[in-house]
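One structure is given here, and the rest of the page talks about it.
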Amino acid sequence: QVQLVESGGGLVQAGGSLRLSCAASGRAFSTYTMGWFRQVSGKEREFVLGISASGGRTYYAGSVKGGFTISRDNAKNTVYLQLNSLKPEDTAVYYCAAAPDKISSSAVVVPTTYDYWGQGTQVTVSS
C-alpha cells in the first residue's frame, strides 16, 4: 500500500503561484499512475491533472489545465503540481491520489480508479 501526504498549499493572491508536493511511502510508487484532484465544499471532486507511472504521459481536463503542470520524481517518491496564474476560482482542497498503472485513459479522471488518497492541502486564492 501507499501512503500519500500533500504539502505546499497556502494563501496566495490572484496571479500568484504555488507548488504542491505529494510524498508517497513504499517502493511501489513508480508503478502507479498519479492524479491530482480538487474539491470545494459541497461539490464533487474535480480531476485536475494526471501522470503515468513513468512520467511519460500526462492527462488533463481542459477546464482546469490553464497554468497548471504535473510532474513526478520517482527517485524521490514525489509527484508535484505546479499552480501558476492562480485565480480565486482555483480555491479548493487539493488531493493527490495513486492508482495502478496500465489503466485506460478514460479512467484517469474517475476518482474511484484511485486506491490511495492523501489528506489534502488547502489552496486559497484571494483577489
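Checking S17 against N84 by side-chain atom types alone, a donor-acceptor pair falls below 3.5 Å.
Judged by distance alone, with hydrogens and angles left aside, the side-chain atoms of N77 form a donor-acceptor pair with the main-chain N or O of A24 at under 3.5 Å. Using modelled atom types, no side-chain atom of R45 and backbone atom of Y95 make a donor-acceptor pair closer than 3.5 Å. Remark: the backbone N or O of E89 is not paired with any side-chain donor or acceptor of T91 at under 3.5 angstrom. In terms of modelled atom types and a separation under 3.5 Å, the side chain of S21 and the main chain of Y80 share no donor-acceptor contact. Side chain of E6 to backbone of Q119: a donor-acceptor contact under 3.5 angstrom is found.
Criterion: ILVMFWY side-chain heavy atoms under 4.5 Å apart, direct or through other members. Under it, V110 and Y114 are part of a common hydrophobic cluster.
Side-chain contact check for T121 versus V93: every heavy-atom pair is 4.5 Å or farther apart. A heavy-atom distance below 4.5 Å is not found between the side chains of V12 and T124. For the pair F29 and M34, the minimum side-chain heavy-atom distance is below 4.5 Å. Two residues are said to be in side-chain contact when any heavy atoms from C-beta on lie closer than 4.5 Å; R72 and N74 meet this criterion. Side-chain contact between T113 and V108: absent, with no pair of heavy atoms (C-beta onward) separated by less than 4.5 Å. The side-chain heavy atoms of P100 and D115, taken from C-beta on, include a pair separated by under 4.5 Å. Contact check for L49 versus Y59: no side-chain heavy atoms found under the 4.5 Å cut-off. At least one side-chain heavy atom of V79 sits less than 4.5 Å from a side-chain heavy atom of I51.
Between atom CG of residue L18 and atom CZ of residue F68 there is a gap of 9.5 Å, rounded to the nearest 0.5 Å. Atom CG of L81 sits about 5.5 Å away from atom CH2 of W36, to the nearest 0.5 Å. Note: S52 OG to I70 CD1 = 9.5 Å, rounded to the nearest 0.5 Å.
What you find for S30 and A53 is that their closest heavy atoms are O-CB, 3.1 Å. Closest approach of P111 and V109 over heavy atoms only: CD-O, 3.5 Å.
F47 does not carry R38 over the face of its six-membered ring by the limits of under 6.0 Å from the centre and within 45° of the normal.
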Using the side-chain contact (heavy atoms from CB on, under 4.5 Å) rule, take D90 and V123 through it: C-alpha gap first, then chi angles, then the decisive distance, then the call.
CA-CA 8 Å; D90 297 318; V123 172; 5.5 Å; no

Residue pair Q13, S127: steps toward the side-chain contact (heavy atoms from CB on, under 4.5 Å) verdict:
CA-CA 6 Å; Q13 293 182 336; S127 299; over 6 Å; no

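A distance below 6.0 Å separates the ring centres of W117 and F37. A ring-centre distance under 6.0 Å is found for Y116 and Y32.
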